[in-house]
A.B. asks: 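Could you have a look at this structure, given as structure tokens, before my questions?
Order of appearance sets the numbers: ligands from 1, and atoms from 1 within every ligand. What you see is a predicted model; the values in this text were computed from it and never measured.
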Amino acid sequence: MVGLKISSTVWVFVLGAVASGFDLNNFDQLDAAKRSPDKRIVIRDLFVPAGKTLELTDLQPGTVIEFSGRVTFGYQEWDGFMVRLRGKNIRVEGKPGNLLDVEGHRWWDGKGGNGGRKKPRFMQVTLDDSIVVGLNIKNTPKDCFIVNSSHNLRVDRINIDIKDGDKKGGHNTDGFGVSGSRNVTVSNCQVHNQDDCFATTSGSDTIFENSKCTGGHGISVGSMGAGKVVERLTVRNCRILANSNGIRIKTRRGETGAVRDITFENIELKDIRQYGIVIQGNYYNSGPKGDPTPFPIHNLVVNNVHGTVSRKGTNILIWVDPGSVSNWKWNSNVSGGQKELGCKGVPSGLNIRCGKK
Ligand SMILES: *[C@@H]1O[C@H](CO)[C@@H](O)[C@H](O)[C@H]1NC(C)=O
Ligand SMILES: *[C@@H]1O[C@H](CO)[C@@H](O)[C@H](O)[C@H]1NC(C)=O
Ligand SMILES: *[C@@H]1O[C@H](CO)[C@@H](O)[C@H](O)[C@H]1NC(C)=O
């Protein structure tokens, strides 16, 4: 809209004089939208056909993508991504009331990625110098928001609502996964799901903050192995409610890699079912097994992590190779769990109530 001032008091507004973007409400016009000269794609009430990826890739640098209305997806059993975002200097913005309504219940069978119906992952994000803000994502078939090979990315105000999966067979519905990236900040988000709320398996300078996790498996580093490194990760000012775990670091038996410069700060736990805080060096296949093997975990800060574990759970479990962890700082108050498990490798001189009620 352009305002023309024709006298000192009267303004005339010319609607539509400024290009308002390419209105993408028909999937067949995706390529045309990407070439649109004003670099603005408005995705409104779009239906993405079954088995197709909404390929928001090969974008012109500087492109703005707006989501508005309700975006829906056809049903097919397949293992692709339903949405892919790739580019540099991109802004992805959810307008008020937007909904990516994925209707995952059509795939849910309680088996997640372990069998049953083949399920697509929702969104893969590979963006540099970009921002993704304000999306409402509902009921993904399994993993939701996967950040891979991104640099200088800000993810803000994403609401991942998969609470229907609690009763309808949602499984492996991971919220945010970040790997192979540098300088990714995820802030002000909400996740209600049935797997990790936020997980990272490699990368540096990652922040997850000011967010709330409900119902899932907590905030995870790992499982680590295959020589991968997680360094300079900060998780702060988060609430983790009714998850199976609060915060955890898991490294795989007999594998290499490193975890260093990790801070968990100002985290509230509530009604955690299994472990409030767990650091385990003996992952094997999908579960812990036997003695931990060497895996460096250096410069770990746990500061003001507090709250409650349910009666049947364990407040803190540390089970790591004694020689391979160093320079930890610890200040936590996790209580309520009555199950005592032995701890191993706890660095000396720290006030950690490990293996105790
Ligand atoms: C991340 O991207 C790289 C290259 O683009 C690819 O090889 C790798 O498989 C991806 N990882 C995941 C988890 O998608
Ligand atoms: C990290 O990414 C943000 C964008 O999210 C950018 O503003 C900032 O300059 C980046 N920092 C570095 C050190 O590159
Ligand atoms: C630890 O938390 C419990 C209950 O959550 C509280 O009663 C207690 O005062 C706290 N202790 C410290 C040292 O903050």
Side-chain angles (χ1 to χ4, degrees), residues 59 61-65 85-94 123 125-135 145-158 176-189 198 200 202-211 218 229-243 245-247 260-261 263-277 301-316 329-340 350-357:
L59 297 167
T63 295
V64 174
I65 299 172
L85 284 165
R86 192 168 293 170
K88 194 173 162 64
N89 190 16
I90 306 297
R91 179 178 175 89
V92 180
E93 186 180 343
M123 182 181 275
V125 176
T126 307
L127 291 171
D128 289 350
D129 307 317
S130 297
I131 179 164
V132 181
V133 59
L135 301 179
F145 199 108
I146 299 172
V147 176
N148 183 15
S149 310
S150 293
H151 306 90
N152 310 327
L153 170 65
R154 186 162 185 86
V155 176
D156 195 29
R157 287 188 285 116
I158 307 296
F176 293 98
V178 177
S179 65
S181 298
R182 183 173 40 76
N183 188 21
V184 173
T185 297
V186 179
S187 314
N188 307 311
C189 294
F198 178 94
T200 179
S202 64
S204 50
D205 302 294
T206 310
I207 299 175
F208 182 60
E209 63 183 3
N210 305 338
S211 293
V229 175
V230 170
E231 58 184 352
R232 299 190 300 276
L233 164 72
T234 299
V235 177
R236 62 187 170 212
N237 310 335
C238 290
R239 302 178 70 208
I240 308 177
L241 315 176
N243 275 238
N245 305 289
I247 58 181
R260 56 182 172 242
D261 306 310
T263 296
F264 292 100
E265 196 160 42
N266 305 333
I267 314 263
E268 182 191 344
L269 311 178
K270 192 160 184 287
D271 300 332
I272 302 299
R273 289 190 302 280
Q274 195 176 12
Y275 301 116
I277 304 174
V301 175
V302 170
N303 187 27
N304 190 28
V305 175
H306 61 96
T308 60
V309 170
S310 328
R311 277 187 66 81
K312 288 184 177 160
T314 299
N315 297 324
I316 297 175
K329 294 193 174 68
W330 200 286
N331 160 28
S332 73
N333 178 9
V334 182
S335 61
Q338 300 294 306
K339 185 166 173 184
E340 296 186 14
L350 294 183
N351 178 21
I352 305 184
R353 284 187 59 80
C354 199
K356 301 196 182 76
K357 285 179 197 166

A.B. asks: Below 4.0 angstrom, N of the basic side chain to O of the carboxylate: do Arg232 and Asp205 qualify?
C.D. replies: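 Between Asp205 and Arg232 there is a salt bridge, with a charged N closer than 4.0 Å to a carboxylate O.
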A.B. asks: Using a strict cut-off of 4.0 Å, indicate which atoms of ligand 2 neighbour a heavy atom of Asn183.
C.D. replies: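 The atoms of ligand 2 under 4.0 Å from a heavy atom of Asn183 are 1 (C), 2 (O), 3 (C), 8 (C), 10 (C), 11 (N), 12 (C), 14 (O).
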A.B. asks: Using modelled atom types only, decide if a donor and an acceptor are shared between the side chain of Thr308 and the backbone of Lys270 within a distance under 3.5 Å.
C.D. replies: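 Side chain of Thr308 to backbone of Lys270: no pair is present.
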A.B. asks: Which parts of the protein, at residue level, reach under 4.0 Å of ligand 3 through a heavy atom?
C.D. replies: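 Those residues closer than 4.0 Å to ligand 3 by some heavy atom are Asn333, Ser335.
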A.B. asks: Measuring from non-hydrogen atoms of Thr185 to any atom of ligand 2, is the shortest distance under 4.0 Å?
C.D. replies: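 Per 4.0 Å heavy-atom rule, Thr185 does not contact ligand 2.
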A.B. asks: I'd like to know if the side chain of Ser150 and the backbone of Val125 have a donor-acceptor N/O pair within less than 3.5 Å.
C.D. replies: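 Yes, the answer is positive, given that a donor and an acceptor are paired below the 3.5 Å cut-off.
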A.B. asks: Can you check whether Asn148's main-chain N or O pairs, donor with acceptor, with Thr126's side chain at less than 3.5 Å?
C.D. replies: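 Looks like yes, one N/O pair under 3.5 Å.
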A.B. asks: Determine whether the side chain, the backbone, both or neither of Leu153 has a heavy atom under 4.0 Å from any heavy atom of ligand 2.
C.D. replies: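 The part of Leu153 near ligand 2 is the backbone, not the side chain.
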A.B. asks: Passes side-chain hydrogen bond (donor to acceptor under 3.5 Å, both in side chains), Asn237 versus Glu209? Steps please.
C.D. replies: CA-CA 6 Å; Asn237 310 335; Glu209 63 183 3; 5.5 Å; no
A.B. asks: Which atoms of ligand 2 sit under 4.0 Å from any heavy atom of Arg154?
C.D. replies: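 Selected atoms, number and element: 5 (O).
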A.B. asks: Can you list everything that forms a side-chain hydrogen bond (donor to acceptor under 3.5 Å, both in side chains) with Glu268? Sequence neighbours excluded, please.
C.D. replies: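 Partners of Glu268 by the side-chain hydrogen bond (donor to acceptor under 3.5 Å, both in side chains) criterion, ordered by chain and then number, come out as Arg239.
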A.B. asks: Are the side chain of Arg273 and the backbone N or O of Ala242 linked by a donor-acceptor pair below 3.5 Å?
C.D. replies: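 Such a contact is found between Arg273 side chain and Ala242 backbone.
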A.B. asks: Closest approach of Asp128 and Ser149, non-hydrogen atoms and distance?
C.D. replies: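 Reported closest heavy-atom pair: OD1-O, 4.1 Å.
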